[in-house]
Structures are given as C-alpha cells and as structure tokens.
Amino acid sequence: MAASHSSSPFDLPTPLPDSPSRRRHAYHFSTQCATVENPSQKDQYGSSSVPIYQTATFKGVDGQYDYTRSGNPTRSHLEHHLAKISSAQHAFTVSSGMASLDVITRLLKPGDEVIAGDDLYGGTNRLLSYLKVHGGVIIHHVDTTNPSTILPLLNPGKTAMVLLESPTNPLLKIADIAQIASDVKQRTPEALVVVDNTMMSPYLQRPLEHGADLVYDSGTKYLSGHHDLMAGVIICNRNDIAKQIAFIINSVGNALTPFDSFLLLRGIKTLAIRMDRQQTSAMSVASYLHRLGFLVHYPGLADHPGREIHEKLANGPGAVLSFVTGDKAMSERIVGSTRLWGISVSFGAVNSLISMPCLMSHASIDAATRAARGLPEDLIRLCVGIEDPSDLIEDLELALLEAGAITAAPLADGGEHYIRTTASLPRAIAKLAEDVKNTGLGLRTTPRKQENREWFVSAPGKVILFGEHAVVYGVTAIAAAVDLRCYGLTSPRHDGKLSLKLPDLHNFEHTWDIKTDLPWDAVTPVLPGDVHPPTLDQKLVDAITHRALPPAARLENAQSRAATIAFLYLYMVLTHEDERPSFNFIARSSLPVGAGLGSSASYSSCVATALLLLHQRVSIPSLPPPSRGATPTDPAHVHVSHKGRRALPTEVADEVNRWAFIAEKVLHGNPSGVDNAVAVFGGALAFTRAGFGKKGGMEPIHGFKSLKFLLTDSKVPRDTKALVAGVAVRKENDPDVIEPALEAIQVISDEARRALSDLELSRESLLTGLTTMIHENHAHLVTLGVSHPVLEAIRAKTAAEPFGLATKLTGAGGGGCAVTLIPDDFSDSALRELLVGLEKDGYEPHVTTIGGSGLGILSPYDENNYPSGSDSEDASAPEKQPESLRKAFERQGVEELAPWAEGRGRWLYV
Ligand SMILES: Nc1ncnc2c1ncn2[C@@H]1O[C@H](COP(=O)(O)OP(=O)(O)O)[C@@H](O)[C@H]1O
Ligand SMILES: C[C@@](O)(CCOP(=O)(O)O)CC(=O)O
C-alpha cells in the first residue's frame, strides 16, 4: 500500500514523485513504519534507536522542553512517527486508549449531543454513560451500519460529536464512515466526526481520509503489538482542534511516559508485518468456522453484509472475528477448553486471544442493554496472533470437540469430517433470517404487488481521462460522466410475457413467454438482501445462450446478442419463487455504441435499475401527492433547485451499481467497474478496483467541471471484451514491458488526481500538467497495444499547427473515441476549423463538458399523464387516448432524446 503524503508535513524521508515521467515511488507503509527519523530532532550521538529521556524536568529557561508532562523528546519522536504513518498533521499520545477518548470528550460541553454506535467497546460505553450523568451530555445510540438512522438525530447547533467504530467491537459491523462524515458535514458542519480506529490501525484504515475530524487508537493493541504497555493515540488534521487537544493533555497530565513512548515506537516498526500475518491467519480461522456452519462475523467473508463498504474504506478485514454457538454454556466450555488461545480481554498482540465479550470486555454494559443492542450472550471473540495458523485451528478444533460444538460425521468415501452439532443450528438459522430481514433492501414481508407503472430511467456514459485498461489491474482511473446518456423504459404487460427492444442495435426486438421460453431450471436466484457472487453463473449464461436466444439469423449481431444475455441474466437471477414480472423493456442511447464512451455501462445501469424497480428490490423515496394536477412540464411539486440531484438514496445507487457491474461482466468478461461506477454515481471519480493489495474504492474529484474536452468518435468499431482480453494476454507474455507501463499509469493518475483537487494550483500549471499527462498516458496505452492507426491520425491532426492540442484514446481503444483537452485560450474560430477538419476526415467530433449527473429515475408522479404502454392492452386502446410514453420515446430522434426525456417531469438523480 502506498501511503498518501500530500497532507502530512512529515514528508521526510519519503520521496514524492515530482514528475509523472520520473518513476520514483512513495515509500510503502511497512518501510515508513520501520524508518524512524525526525530531521528536526537529530540525536547528538547518532543513536539508531530513539533514546529514552527518562526525566521529569529539563534545565534552562528557553529550551524546547521544560517538563515531561508538557513535552518530552522521546514522546515527540513517537508522535512525529505516528503522524507520518497516519498521513496526519498532528498526533498525540496519552496513557491509554480510554485516556484518548477522555481527552476528546473534554471538548464537549453540557447540553451537547453525541451520536454513538449501539455496538461499542464496553469502556467507551461506560465513559459515555458517565458523561451523561455527570457532564450533562446527551447520548444517542444508533445502529451505525445504516447511515440513514443517524440523519434524524443530526441536530444543528446541538450535535457536537458523532462517535464511530468500524468494524465495531465485537460484532464487526461496518459503518460507512465516508457517507456518515459527509452527511454530518452537510447537516451539522460544526459537529466533530470521531472514529475509534483501534481494530484496524493506520495500516488498514485511515478515517481522516474519509472525512473524520479526529481518530483515536488504543496503542495498547496493534500499534504496540506485544501487550506490554498501555497507550492511547489521537490524530487529526485541523490545527484548531489540535491546539485544544494539546491544551487538554497538558492540563490533565495524561501524556504518555517516556518509557512507554519508547516501547510504542519500537512496536510500531513491525506493525505492517505483524498485521499481514495476523490478518491472513484470521481469514483462515474465519473460513474454518464458517465452513463448519457457525455464524461468523468477519468482514473478510464473502457473506458479510458490510463487506463492500469495508473494502471501500479499508485495506483489509483485520484480525479480530467473532462467532456464536447458540448456547452460552457451550461457548464458555469452548473458551475454557482452548490451550493456545489465551483467555484475555484486549486484542492486537502477537499472541492469540479468546474471550466472551458479555462476561469480559463488555461486562460493564448491563445485560438488558446488551440484549437490546443485539449483543449475544454466547458470542465468542477471537483475536488472532502470529502463531502458526494450523496450530491455532487445531487448538480451536479440539476445544470445539471437547465442548460438544462439533461432531465427526461420515463422508461418502468412508472418511469423516467435522460438522456442527445440530442443537445450536435453529438459533443460527433464526439469526440468519433476522440478518436478512434487517438489511435495508431485505426480504419483503408483504406480498409483491402487481407493478403497473412505467419506469423511465437513464444513466450517462463516461470518458476515462487517465487509467483505462490499467484500472482492470488495480491502477487508479480518473473518469467522469459525459452529457450523453442511455435511457430505459419499462411498460407493464398482463400476459405473462417479457419483451426487449433495442432500437440502436438494428432495431432488435424479441418477446419471451416467461414460463416456457426461459431456462428456469438453470437459475440460482439471488434472494433480496443477498449479493451476487463475484463470478458469473456460467451455467445460466450458457443456458440463456443456447435455450433463450431467438434464432441465430435474428441475433447474428454480436452486440444485441450480448445485450440480450445481460438483460435475461439479470431478470432471471433477480426473480425468486413465482414473482416473475411481465413487462416490455426498451433502451435507447444518445451515446455512440461501442465507441469507448461506456455505452455498455450506461445500458447495464438502466437494465439494473429497471429490473430492481420491477422486482421491487429498490424503491425510491416517496413524496407527498401533488397538490394540483401534474403536466409533462409541471411536476406539480415544490420547485427543487438542485434539479433532483442527490434525490436517490445511496442504498439504491449502491444496489444498482452492484447489479450493473454484474451486467457489465456479462458484456465484458472482466470489467474493472469504473464505467458502471461513473454511470451510477456521475460526476468525476478517481476509481480503484479492490483486490490488488491496496485500497479499492472511489473518490469524487471536483476540479473537472470547468474543463472543456473534445470527444472524437473515429467510427472504427471495436470490442471492449476482446481488447481487455488482449491486454491480459500481453501482460502474461510480456510482464517486463506491461507491468512498468501499468505502474507509470498509476503515477499519472495520482498526479492528475492531486492536480485536479489542488485549489491553489494555477490554471496554467493545471492545463500544462494535464497536457503532458495526456501525451504520456497515451504513449503507455500504445505500449499496452490498444491504439489504432485512426486514433494516431486524430492525435496527429489535433496536435498539428495551428491547433497544438493533446489527445489520447479513451476507453478500450482499438478504434472508438479519442479525447482532446481544449485549453481556455483556444479560440472559437480555431475550434470550428478543427471540427470541420475532423468531420471532413469522416470522424464525429463532439465538444463537451463533463461531470454531470449519474443515474436518474423519472419520478413516478406523472404516471397519470401517460397510459401504460402495455402491448396486450394496446390493441383495444381507443385512438383518442393520449400517446403512451413508450410510443413517444420510440419516436424521438436521437438528438431530441435528451431534451424530450428531461421534459417528461421531475427526474431524481443519485
Ligand atoms: N443503446 C444500447 N442498446 C443496447 N445495448 C447496448 C446499448 N449500448 C450499449 N449496449 C451494449 O454494450 C455493448 C457495447 O460495449 P462496449 O464494446 O464496451 O462499448 P462502450 O465502449 O460503448 O461501452 C454493446 O455491444 C451492447 O451489447
Ligand atoms: C478498457 C477499460 O478500462 C474501459 C472500457 O471502456 P469502454 O467499454 O471502452 O467504454 C475496461 C474496464 O475498465 O472495464
């Protein structure tokens, strides 16, 4: 993991790459941990280990230090080192993790309100309860796994602090720190977002980067790693808060002692290496218990409900997990039977520990509150150390056997294996059902209603500025929404049929009898609340391909073939039991199809949204009914100045994004996910795919809106799937050429991200920098083998005098589109001349600004304006009835599509 250094003043000895062409990488985290250097505090004898200044006072009057309560050189070294590895501006160390929270909560005043989680470390809960009684502070406990539960409690002028743990202790629940921090900043900007990061350490998670104001760690745990000291760490970036924290620590007198500072500094040097080992073993232990059938809480497991969010926030699942047995006495027996696992509170040491939170770390929370907050009495927490994982699993297995939690069962081949004893199964099943029910988009308790609405949805295409192809291998891509979109419209049927119409693809159209024409025997439905596995169900793809596609003659076009399979795949896996909605779906796009502008992702996003709405797996927020009749131009609601943006909740966007990614997999084989992320979330993003040894996720970039680009469609068709597969082959055959190109592209993306977010960078430097980076990124794409003579011709034309512009291919390349940066001082007449020249050569140029809205859904309040476009009803529809939305949609020319759709009413956007 490369650390981000831009915000830390402690930039030595870490080198910063100063030009995209000079590949000099920032030191990785483990290097930084091991390298303790503070240039402003050189040791007089050059000692390689920081000395312990075991002194209470310092002589003299004008020295840097006078009294160890206020400052001590050993502690300064430690704090400098902690700020460096946390990429933070300020770090403080105190006598324990709880002392950190004590210092932080001293920022509160009587009457202030604090919002905290409902699954919290017992000590945190105890201190908050104390403050409630003695400090007049109002504490709200909420389920932080659902950011929307916090919203109603955000009380401007009152809410002073939002206190989060993620993962929580001990249930390993995940809070979307980034989403919550953004909500808090929007509604109660004065409130501080505080995160207890002890479970993760700065190696795995840096909440300041996700919008937190203050982060604290119990240094007793992973940072020190040996359970031989107590320490607390507080980090922050804001100078005003840092000043107050320093004041409180000095006043209270709980700063870390010189000797403990020395020990903590020593421990930190091995943080990364310990955590890597502990995390890998934790994954093995979690998988082992999961295989036996226990309900295991660990964000590394595929079925963990918060896994995707956790992967966005952190670089790994950590080394703490918990599980239930269904029986408190049995749990006690298991804990008592282990030998290698020490029965102990705390976690983070090199030795593995086992505990029952309700009897130990969380015993200070009374039983009724524990029950109310869903903390099971039989919960066992495991904190995995660095011992050999096979010894750990064997010890656990023997303890499970001794306690009667597992039993030997015969295998068909005559061997035997262990299975969980059935006595505790009902409880686990009940819990599972409860978990599913509790997920926001979970199982419906009411039967499905017949859907009579027409759903009109749309999603934008994208332009990748930097990082295409490389993004498939974990390199960051910088991409933004374009102002061309795909539109999808559903209309209900009542005849048990399903139809798909794709006017852009040779007017492809087909209708299926849902019961008889689709290969239902091949589908494993994904139930509401569940996520689709990371790989496609090839059996279903094959069954659709061979048994559900229309005759070959009608589907010789590979594009409509792929689009149909993607549509049917989603339709079938989203269907469960006999809930099989009957409707027509039609998609049209103002984007060129297959030109590198993400037409497939915008189509996938429209399909996913339409199907999720029709399968009633997502719903859009309800508004009060209009006070007067709506018309196509007047939605009859209060005017909303932000034009519908942010009206679709994040849960809907996330769910659509997950399913659009599945459709993209059908269309592309191995998509990175950047295209569908832009299609759903809109704006401009720095996107990194998860799973390449570094943090995956996306970050919005704001510096794009003012830039003007030219997108030139070369009109040379190409196939993303084949181009991506081609790069994979070259990477395999020629790693010495391809790997350095991928690394160089990462440097460009990092640099571009930094430049675009740097508000102080002059416009001229930004444009010059982007120009260089466009040339360099294109050169690397040539190395990856995805350019095309026609793209080089467009580059040459735009670069030639008098234009002198920088152009690169965008998207998969091999034809498709090129993107050209238009600087501010490029005259209108030169632009006209360039456009005419490009058109003359047979290309299709399009001047655009980027970064507009993502996924949109037409608010359904206009449903009365258009009768349902049901095919089965059309025949009997009286001529004089107004035209159906579907008919009008089909009739629009491609140029009019966007303004016409806009005029249909109020669009809600992500
Ligand atoms: N308007 C549309 N209607 C139907 N299918 C579409 C549409 N736009 C894109 N697709 C699907 O996406 C595929 C194009 O994907 P791809 O080659 O990656 O091009 P792009 O670079 O535009 O995303 C098409 O073959 C088709 O299957
Ligand atoms: C080449 C790639 O980086 C982008 C593909 O974009 P498009 O399909 O050409 O619009 C592949 C991907 O990110 O999935």
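In what follows, every heavy atom counts, from backbone to side chain, and hydrogens, waters and symmetry copies are set aside. Whatever order the structure lists ligands and atoms in, that order sets their numbers, starting from 1.
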4.0 Å heavy-atom contact, [X] with ligand 2:
X: Gly598; value: yes
X: Glu664; value: no
X: Val786; value: no

What are the atoms of ligand 1, with element, lying closer than 4.0 Å to any heavy atom of [X]?
X: Gly594; result: 17 (O), 19 (O), 20 (P), 22 (O)
X: His668; result: 15 (O), 16 (P), 18 (O)
X: Asp504; result: 1 (N), 2 (C)

(message) If we set the cut-off at 4.0 Å for heavy atoms, which region of Ala595 has an atom near ligand 1: side chain, backbone, both, or neither?
(response)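 For Ala595, the contact with ligand 1 is made by the backbone alone.
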(request) Evaluate salt bridge (Lys or Arg N to Asp or Glu O under 4.0 Å) for Lys887 paired with Glu890, printing each intermediate quantity in order. (result) CA-CA 5 Å; Lys887 288 237 165 98; Glu890 284 184 51; over 6 Å; no
Shortest protein contact, [atom] (heavy atom only):
atom: atom 5 (N) of ligand 1; result: Leu505 CD1, 3.3 Å
atom: atom 12 (C) of ligand 2; result: Ser672 OG, 3.3 Å
atom: atom 3 (O) of ligand 2; result: His469 N, 2.9 Å

(request) For ligand 1, find out whether one of its N or O atoms is nearer than 3.5 Å to an N or O atom of Ser600. (result)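 Yes - when backbone and side-chain N and O of Ser600 are compared with those of ligand 1, one distance drops under 3.5 Å.
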(message) I'd like to know if the side chain of His615 pairs up with that of Thr575 as donor and acceptor (distance under 3.5 Å, no hydrogens or angles considered).
(response)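 Yes.
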(request) List the atom of Ala563, the atom of Tyr603, and the distance in Å for their closest heavy-atom pair. (result)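 Nearest pair, atom of Ala563 first, then Tyr603: O-OH, 2.9 Å.
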(message) Within the 4.5 Å heavy-atom criterion, are Val482 and Phe709 side-chain neighbours or not?
(response)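 No. Closest side-chain heavy atoms not under 4.5 Å.
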(message) Do Ile745 and Phe466 have side chains that approach each other closer than 4.5 Å (heavy atoms only, starting at C-beta)?
(response)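 No, side chains not in contact.
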(message) Just to be sure I'm reading this right: ignoring hydrogens, which of Thr720, Val666, Leu667 gets closest to atom 16 (P) of ligand 1? Compare them by their nearest heavy atoms.
(response)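 Comparing heavy atoms across Thr720, Val666, Leu667, the nearest one to atom 16 (P) of ligand 1 lies in Thr720.
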(message) Tell me the nearest of Leu781, Val724, Asp719 to atom 11 (C) of ligand 2, using heavy-atom distances.
(response)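 Minimum heavy-atom distance to atom 11 (C) of ligand 2 goes to Val724.
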(message) More than 12 heavy atoms of other residues, nucleotides or ligands under 6.0 Å from CD of Gln538: yes or no?
(response)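 Enclosed.
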(message) If you count every heavy atom of other residues, nucleotides or ligands that lies below 6.0 Å from Lys501 atom NZ, does the total exceed 12?
(response)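 Buried by this count: over 12 neighbours within 6.0 Å.
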Min N/O separation [X] to ligand 2 under 3.5 Å:
X: Ala812; answer: yes
X: Val472; answer: no
X: Thr720; answer: yes

(request) If the plane angle is over 60° it's perpendicular, under 30° parallel, otherwise tilted; pick one for Phe585 and Phe567. (result)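 Parallel, since the angle between the ring planes stays under 30°.
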(message) Can you tell me which portion of Leu723 lies within the under-4.0 Å heavy-atom range of ligand 2? Options are side chain, backbone, both, or neither.
(response)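 Under 4.0 Å from ligand 2, Leu723 contributes no heavy atoms.
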